[in-house]
Amino acid sequence: MNNFIQSIKNLSPGRLASIAAIVVFLVSFFVYIAMQMNSTEYAVLYTDLELEDAKQIVSRLESANVKYKLSKNGTEVLVPLDQVNKMRVDTAELAMASKGSNVGYEIFDHTDALGSTNFVQNVNLIRALEGELARTIRSVDNIKSARVHLVLPKREMFSREEQAPSASVVIKTVNGKLSLQSIQSIQKMIAAAVPKLDIKNVAIVDTAGNLLTRNYEEEERITNAENEVLRLENERKIAANVQNMLEKIVGEGKVRAQVNLEMDFDQVVTNEELYDPDSQVARSQATITEEGANTVQESPVTVSQNIPNGDTVTDSQGTFSRSSRTEETINYEISKIVRNKVKNSGTIKRLTVAVMIDGIYERDADGKMVYRSRTPEEMEQITALVRSAVGYDANRGDMVDVENLRFVGMMDETPAVEEPLILGFTKAELIRIAEGVGVAIVAILVILLVIRPLINNAFDTQSNGDAKLLGDSDEDNLLLSNFLNDEDGEIEELMNMNKVDGRIKVASLKRINDIVEKNPETAVNIIRGWLYNDN
């Protein structure tokens, strides 16, 4: 160690600076390698965030001592790959919030009920309800953000009229416009969540200023809109069933189905009473029989009968009659059938189905992919399957058209075979291992081929300089030659014999001895120079 320190002291300032630069370079190089080898792989936690949401999520990550990165102007948050799932669960309630200003029922967790007025409580209730509705709306697919405004008027005292509540919603979609079914679903959800709120008082507007809802003042218009949604849903279901069935036969992505329905939404109520004259049953029977005799006498008309106190004629003539009557009443019950028929709305009047099927891709003798159309027998079988799946009815005027057409951009239907793992490692893991091994090899080569020669050259130059200083005079050459041939115990005798007068110290001689032992080639060169010297 003393010899090393002494060697360092004997170096020139320029060489000391070179060695210091080499040391700094080595330290920086190895620190960089360690950082690269131990670098953490980050993954996306959330993207397309509002700045308020990103601020809350970053605060949560900092409180949990989790490393993070921000990108895309602060709208994307990245965390270490091994903590993505855990942090998504921990920050789920923050990510569901629509912007930072939307709060839910947690607003009541930070207020003092005893110190707040009734007005403040009512305002907080409306804010909480608006925030909860906005969070629920944001959970719908294709909706990025939502704001809800509620108007809940209070009934005035001594007033018979009551103003109905209303709601307005502003939404921002991710891609495109919302479907009619989604708009109606949001309307009904808000109307069901707010007391006494009618669905026609819910207005939905997008960020472009388009009114997505209609003021359905009449019940008939609401019914028509619901019928249209029902028709579209039936078309989608039938097309999906046909496509899923045929993909099992021809392959995934090689079938496209389109369905068009004509539906009858008229609701018909029919009342029928049917009588069966052949089915008669005697319900009641009544018989009445009457018999009787009747005698009629006729007195003669004379003058004496018209005179007061006249003679009465007793002789008279008359008739005698006898009668009988029988009456029978029978009540019959005739079978009667009463039917009340209600025709449900939404029956299919006509069905039209169009199906496109891709052909078959095969390799020819040269190994190239060649397109081949399907045979007529295959197309007939597929057409029969489609007719059975959609409920084809020729009497109804249904049409089913199945065509074999070549799809654009279709690749080989044979799935690509994944490369097998090597020693149980994936491709990404092997790449990382190769990178680490490459960096290690480069580091070793830099040390052996660059750093070590530079250090050896610095010390070798210093050693050569010392040797030249000793060989400048004849006395020094004689002293060094005698020193190399004799033992260490004769150092003092050599010094007295050559009368160096103490210019070369014992420590210097020991240092020369160490240099010769460490650098024998240099010593041989010096001696060889002495031998070939003419003097």
Side-chain angles (χ1 to χ4, degrees), residues 49-50 52-53 56 91-111 113 116-156 159 161-174 176-230 232-233:
L49 292 173
E50 299 291 340
E52 294 84 355
D53 290 339
Q56 293 188 1
T91 59
E93 73 279 4
L94 299 178
M96 289 298 295
S98 174
K99 297 185 179 180
S101 59
N102 283 344
V103 293
Y105 287 113
E106 68 272 6
I107 191 175
F108 295 103
D109 298 336
H110 307 287
T111 57
S116 60
T117 62
N118 188 23
F119 175 77
V120 174
Q121 291 289 339
N122 292 334
V123 171
N124 289 338
L125 177 61
I126 295 176
R127 288 184 59 193
L129 186 57
E130 290 176 349
E132 294 294 336
L133 288 174
R135 293 176 182 179
T136 305
I137 294 172
R138 192 178 181 184
S139 63
V140 179
D141 292 339
N142 199 26
I143 293 181
K144 182 178 180 180
S145 61
R147 292 292 301 272
V148 179
H149 301 280
L150 297 178
V151 178
L152 304 178
K154 294 181 62 178
R155 182 175 180 180
E156 300 293 337
S159 177
E161 298 181 357
E162 183 178 0
Q163 185 178 357
S166 60
S168 58
V169 184
V170 179
I171 62 175
K172 183 178 181 181
T173 58
V174 177
K177 295 183 179 180
L178 288 178
S179 62
L180 182 60
Q181 184 178 5
S182 299
I183 296 172
Q184 291 185 350
S185 300
I186 294 174
Q187 276 188 298
K188 291 185 178 180
M189 185 270 296
I190 296 176
V194 180
K196 299 181 181 180
L197 178 59
D198 195 354
I199 187 174
K200 65 182 180 181
N201 294 330
V202 179
I204 301 177
V205 183
D206 61 5
T207 53
N210 299 321
L211 180 62
L212 303 181
T213 57
R214 299 292 183 268
N215 261 335
Y216 297 130
E217 300 292 343
E218 301 177 359
E219 189 69 23
E220 182 179 357
R221 300 184 64 182
I222 299 178
T223 303
N224 294 335
E226 293 178 350
N227 292 338
E228 181 65 17
V229 172
L230 179 61
L232 295 176
E233 183 65 19

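When the side chain to side chain contact (heavy atoms under 4.5 Å, CB included) test is applied to Ser168, the partners found at least two apart in sequence or on another chain are His149. Considering only residues two or more places apart in sequence or on other chains, Ser179 meets the side chain to side chain donor-acceptor pair (under 3.5 Å) condition with Ser182. Val205 is linked by a side chain to side chain contact (heavy atoms under 4.5 Å, CB included) to Leu211, counting only residues two or more places apart in sequence or in another chain. Checked against side chain to side chain contact (heavy atoms under 4.5 Å, CB included), Gln163 has the following partners two or more places apart in sequence or in another chain: Pro153. Evaluation of the salt bridge (Lys or Arg N to Asp or Glu O under 4.0 Å) rule for Lys196 yields Glu162 as partners, not counting sequence neighbours. Residues meeting the side chain to side chain contact (heavy atoms under 4.5 Å, CB included) test with Lys177, sequence neighbours left out: Asn210.
Considering only heavy atoms from C-beta on, Ile171 stays 4.5 Å or farther from Val140 through its side chain. Contact of the Glu130 side chain with the Leu133 side chain is not registered, since no non-hydrogen atoms from C-beta on lie closer than 4.5 Å. A 4.5 Å side-chain heavy-atom check between Gln184 and Ile199 finds every atom pair outside the cut-off.
Closest heavy-atom contact between Pro165 and Leu197: O-CD1, 3.1 Å.
Residue pairs meeting the salt bridge (charged side-chain N to carboxylate O under 4.0 Å, His left out) criterion with at least one partner in residues 185-195, sequence neighbours excluded, are Lys188-Glu226.
In this structure, Leu178 CG and Leu212 CG are separated by 6.5 Å, a value rounded to the nearest 0.5 Å.
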